[in-house]
Engineer: 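One structure, pasted below without further comment.
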Amino acid sequence: MMNALRSSIAAGALALAVVPASPIIGPTAAVANPATPEKLWDGFSSPVGMAFDATGNLFVAEWGAGRVSRIDPAGKRTTFADGLSGPSGLTIGPNGTIYVASYSRDEVYRFTPTGERRVHVTGLATPAGLSFDRSGRLLVANRRTNQILSVSRSGSLEPVIGGLRTPVGAVQTPDNGYVVSNIGGGVTILRPDGTRIEVGEEFGTPGPGVAMTKDGRVFVVDYGGTTVREILPDGQSRAVAEGLRSPVGLVVAPDGASLLTATWRDGTIYRIPIPN
């Protein structure tokens, strides 16, 4: 997947805007000593999307194996769904429905908690990261069209943000702005008034993993590097963990005090403490 993402990058024409400080919540100082990630589980096949359900089960989309694995709170791993084609983004709705993007088939599936699968939406263009906005709409990073799309309850698609640089992940912030990870380069911050700034010069290549805490702190993986970074209010970033082999998936743990990241190269999931 990641080679396919990188080899088909289409650059967008975006100008850098000089604007006041970003409304993103979080510290402004760099971390003096980024954390050493704690290894939790290995043996995954190119893990990408990750999400926790309300009872603490972790779901992991494994691109290389064409499956979704589930890890229960005790650490037991089982196969939740298989026979998928390029599962990439994964998110879970408020009612427990699991949504998985098929990067290869241009579809998003929805699963009941017991594993019943249906096609939720078709007609996409290499969908990568999935998330929900503050109104409950499903957001899709539609890589090939350089857009973030929303999916209505009826399954229709509506553009939310366009003109991006190969987007692979996005979250909506508490002020109704957005942070988008672009594998084509950099991180886009879209503010509520429509102002757009391009940041993320410290990243090698941002990946699909974009996660946000309940209080609005945003973290993005550096797939082209070895770090997970926090996007700061001034648009800069700071490394909160380093030493990872192409981190690609990212999720806030149920305790709210740590992140879990999945690495592409060694198929491992790590825990990272969220710094103050």
Side-chain angles (χ1 to χ4, degrees), residues 22-44 47-61 69-77 89-92 129 131 169-174 179 181 187 189 199-200 202-276:
S22 167
I24 295 171
I25 298 169
T28 57
V31 176
N33 295 297
T36 299
E38 173 194 358
K39 181 178 178 179
L40 297 180
W41 304 287
D42 58 13
F44 292 90
V48 185
M50 300 194 297
F52 282 96
D53 68 12
T55 59
N57 294 299
L58 175 64
F59 292 78
V60 183
S69 292
R70 176 172 55 195
I71 304 171
D72 70 17
K76 180 181 178 181
R77 189 188 313 180
L90 187 153
T91 192
I92 299 178
S131 62
V171 292
Q172 186 178 35
T173 51
V179 176
S181 169
V187 174
I189 297 174
V199 300
E202 301 93 342
F203 287 80
T205 306
V210 183
M212 184 175 65
T213 62
K214 290 183 178 180
D215 60 357
R217 294 173 65 181
V218 178
F219 301 84
V220 179
V221 299
D222 189 0
Y223 166 74
T226 62
T227 63
V228 172
R229 308 186 70 88
E230 180 175 7
I231 304 300
L232 300 175
D234 62 1
Q236 299 300 306
S237 70
R238 64 172 185 168
V240 298
E242 61 185 7
L244 298 158
R245 299 186 67 193
S246 296
V248 60
L250 193 68
V251 65
V252 177
D255 63 8
S258 57
L259 301 163
L260 268 60
T261 188
T263 53
W264 181 264
R265 291 189 182 178
D266 57 8
T268 301
I269 293 177
Y270 297 88
R271 177 186 286 120
I272 301 164
I274 295 176
N276 296 324

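Bear in mind the structure is a predicted one, so any value in this text is a computation, not a measurement. Counting from 1, the numbers follow the sequence of the chain as shown.
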Engineer: Should Ile92 and Phe59 be marked as a side chain to side chain contact (heavy atoms under 4.5 Å, CB included) after you check the CA-CA gap, both sets of side-chain angles, and the distance that decides it?
Structural biologist: CA-CA 9 Å; Ile92 299 178; Phe59 292 78; 3.7 Å; yes
Engineer: Val199 and Gly235: which non-hydrogen atoms are nearest, and at how many Å?
Structural biologist: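 Here Val199 and Gly235 meet closest at CB-O, 3.1 Å.
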Engineer: Between Val220, Asp222, Leu244, which is the residue that forms a side-chain contact (heavy atoms from CB on, under 4.5 Å) with Val228?
Structural biologist: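 Between Val228 and the candidates, side-chain contact (heavy atoms from CB on, under 4.5 Å) is satisfied uniquely by Leu244.
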Engineer: Mind checking whether Pro174 and Met212 have side chains closer than 4.5 Å, heavy atoms only?
Structural biologist: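 Yes, their side chains come closer than 4.5 Å.
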Engineer: Under the 3.5 angstrom rule, does the side chain of Thr227 hit a backbone N or O of Ala239 as a donor-acceptor pair?
Structural biologist: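 Flag not set: sc Thr227 to bb Ala239 has no pair under 3.5 Å.
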Engineer: To check you understand the geometry: which heavy-atom pair defines the closest contact between Ser181 and Gly207, and what is its length?
Structural biologist: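 For Ser181 and Gly207, the tightest heavy-atom pair comes out as OG-O, 2.5 Å.
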Engineer: Within a strict 4.5 Å, meaning less than it, do heavy atoms of the Leu40 and Leu260 side chains meet?
Structural biologist: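 Leu40 reaches Leu260 side chain to side chain.
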Engineer: Side chain to side chain contact (heavy atoms under 4.5 Å, CB included) for Ile231 and Phe219? Distances and angles first, verdict last.
Structural biologist: CA-CA 6 Å; Ile231 304 300; Phe219 301 84; over 6 Å; no
Engineer: Would you check if Arg70 and Leu58 make a side-chain contact, meaning some heavy-atom pair closer than 4.5 Å?
Structural biologist: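 Not in contact.
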Engineer: Measure the spacing between OG1 of Thr91 and CE of Met50 and express it to the nearest 0.5 Å.
Structural biologist: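 It is 12.0 Å, given to the nearest 0.5 Å.
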Engineer: Indicate yes or no: at least one non-hydrogen side-chain atom of Leu232 is less than 4.5 angstrom from one of Arg238.
Structural biologist: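 The answer is yes; the side chains approach within 4.5 Å.
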Engineer: Going by distance alone, is a donor N or O of one side chain under 3.5 Å from an acceptor N or O of the other, for Glu242 and Thr226?
Structural biologist: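 No, no side-chain donor-acceptor contact under 3.5 Å.
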Engineer: Do Thr261 side-chain atoms and Tyr270 backbone N/O form a donor-acceptor pair below 3.5 Å?
Structural biologist: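 Not a single qualifying donor-acceptor pair exists.
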Engineer: Report yes if some heavy atom in the side chain of Ile274 is under 4.5 Å from a heavy atom in the side chain of Leu259; otherwise report no.
Structural biologist: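 Sidechains of Leu259 and Ile274: in contact.
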Engineer: For the residue pair Pro208 and Val248, what are the closest heavy atoms and their distance?
Structural biologist: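 Closest approach of Pro208 to Val248, heavy atoms only: CD-CG2, 3.4 Å.
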Engineer: Sub-3.5 Å donor-acceptor pair from the side chain of Thr205 to the main-chain atoms of Tyr223, do we have one?
Structural biologist: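 No; judged by distance alone, with no hydrogens or angles, the pair does not exist.
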Engineer: Is it the case that the side chains of Arg77 and Ser69 hold a donor-acceptor pair, with the cut-off being a distance below 3.5 Å and no angle test?
Structural biologist: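 Checked: Ser69/Arg77 side chains show no N/O donor-acceptor pair below 3.5 Å.
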Engineer: Rounded to the nearest 0.5 Å, how far apart are CZ of Arg245 and CZ of Arg265?
Structural biologist: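 The distance works out to 6.5 Å.
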Engineer: Quick one, Trp264 with Val48, criterion side chain to side chain contact (heavy atoms under 4.5 Å, CB included). Give me CA distance, side-chain angles, the key distance, then yes/no.
Structural biologist: CA-CA 7 Å; Trp264 181 264; Val48 185; 3.7 Å; yes
Engineer: Just do the side chain to side chain contact (heavy atoms under 4.5 Å, CB included) check on Val218 and Thr173 with the steps written out, would you?
Structural biologist: CA-CA 8 Å; Val218 178; Thr173 51; 4.1 Å; yes
Engineer: Are Trp41 and Val60 packed together at the side-chain level, in the sense that at least one heavy-atom pair is separated by less than 4.5 angstrom?
Structural biologist: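 Contact flag for Trp41/Val60 side chains = no.
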Engineer: Any side-chain heavy atom of Lys39 sitting closer than 4.5 Å to one from Thr268?
Structural biologist: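 Lys39 vs Thr268: side chains touch.
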Engineer: Search all heavy atoms of Ala51 against all heavy atoms of Leu90 and return the closest pair with its distance.
Structural biologist: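 Taking every non-hydrogen atom into account, CB-CD2, 3.5 Å.
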Engineer: When you compare the side chain of Arg217 with that of Pro275, does any pair of heavy atoms fall below 4.5 Å?
Structural biologist: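 A side-chain contact exists here, since the closest heavy-atom pair is under 4.5 Å.
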